[in-house]
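We use all heavy atoms of the structure for the numbers below, so side chains are in, but hydrogens, waters and symmetry mates are not. The structure displayed is predicted, hence computed values, not measured ones. As the structure lists them, so they are numbered: ligands from 1, and atoms in each ligand from 1.
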Amino acid sequence: MHRRNLLKGIGLAAAGCLALPNLDAATQQAQPSGTSPGPFSLPPLPYEYDALEPYIDAETMHLHHDKHHAAYVKNLNTAVAGNSELAKLSVQDLIRHLGRVPPDLRTTVRNNGGGHANHSFFWRILQKNAPDQPTGELARGIDAKFGSFANFQDQFTKAALSVFGSGWAWLSVNEKRELNIETTPNQDSPWMSGRSVLLGIDVWEHAYYLKYQNRRADYVNAFYKVISWDAVAENFRQAGKP
Ligand code: MN3
């Protein structure tokens, strides 16, 4: 039975007061939440939505992950639908080699593939009960490059506050594993320029506006309370490996 045709046939579809079960909604609910048809899927948060309270609030995490990140995934799937060559690449392969993406799809893949890659990364470098600062090789690398952890923090904060409009600030490494602080607009990233990323902060307003409104500096200071330095150190270990 095709319910939509049936309803059309009996003239009730526009009435808006039907008591029949909504088969379309039931079909959608049969899929795991966060999925959209296509090769890319929204990774679940690696912790509870309220895990980063009071620094990053649960409502922001719900919106940021379930709506914003989900939209990048959905739009990326739409963009690669019908292009089997693109659809079989990882999102990292897509954004590292944007020149291989057909010109008519390139901006869409840059923005939404970038958004998917950046946010998938971002969730994993945050944690509850985070340590104050890095240790080991990463700490020594930061001291060698920036003089001290405090100097690094100062420069990273300045970078995050300097982004005009929407974008990100990053701690990245080049092919010689040299540390560098940089910023990118929109959903661009150091990956797009062949570098590896250790740490990144999303300074789009959607990342902080509900809790911090226009006070981006307060959000950046709060971000330091939830950095998983173990994850950042692991990114440093992996950087430059084939
Ligand atoms: Mn974001």
Side-chain angles (χ1 to χ4, degrees), residues 33-36 40-79 90-92 94-96 98 107-128 130 156-157 159-172 181-193 195-228 231-232 235:
S33 67
T35 63
S36 61
F40 300 101
S41 59
L42 179 66
L45 281 183
Y47 33 69
E48 297 300 318
Y49 288 90
D50 63 359
L52 307 179
E53 293 265 13
Y55 307 108
I56 302 178
D57 60 294
E59 193 182 1
T60 295
M61 292 299 284
H62 270 289
L63 277 169
H64 201 175
H65 176 270
D66 302 356
K67 304 297 181 189
H68 290 277
H69 189 173
Y72 297 124
V73 173
K74 184 167 183 280
N75 293 338
L76 181 61
N77 279 328
T78 302
S90 70
V91 68
Q92 278 286 335
L94 278 175
I95 63 165
R96 283 174 191 267
L98 281 167
T107 300
T108 305
V109 169
R110 179 180 200 135
N111 290 338
N112 293 285
H116 179 32
N118 291 351
H119 289 82
S120 299
F121 174 85
F122 187 60
W123 312 132
R124 287 186 288 101
I125 50 126
L126 304 178
Q127 72 164 92
K128 187 188 181 84
F156 190 83
T157 297
L161 298 183
S162 78
V163 176
F164 183 77
S166 299
W168 293 71
W170 308 95
L171 177 64
S172 65
I181 291 171
E182 59 184 304
T183 63
T184 57
N186 305 315
Q187 296 297 352
D188 287 0
S189 66
W191 290 303
M192 292 177 180
S193 308
R195 292 183 290 284
S196 298
V197 177
L198 308 188
L199 175 70
I201 180 170
D202 184 346
V203 292
W204 284 56
E205 285 185 344
H206 69 225
Y208 63 88
Y209 211 85
L210 275 180
K211 183 175 174 73
Y212 295 99
Q213 291 84 47
N214 59 319
R215 302 186 307 277
R216 190 192 285 183
D218 291 354
Y219 160 67
V220 175
N221 286 333
F223 171 78
Y224 291 113
K225 306 287 191 188
V226 292
I227 296 174
S228 174
V232 179
N235 293 335

Check whether the side chains of T184 and W170 place a donor and an acceptor atom closer than 3.5 Å, and report yes or no. yes
Parallel, tilted or perpendicular for H69 and H119, by the 30°/60° rule? tilted
So, D57 side chain and T60 main chain: donor-acceptor pair closer than 3.5 Å or not? yes
Could you check whether H206 and H64, counting side-chain N and O atoms only, form a donor-acceptor pair closer than 3.5 Å? yes
Looking at E53 and A58, would you say the former's side chain and the latter's main chain have a donor-acceptor pair under 3.5 Å? yes
Which protein N, O or S atoms lie under 2.8 Å from the Mn ion (ligand 1), given by chain and residue number? H64 NE2, H119 NE2, D202 OD2, H206 NE2
Apply salt bridge (charged side-chain N to carboxylate O under 4.0 Å, His left out) to D66 and list each qualifying residue two or more places apart in sequence or on a separate chain. none
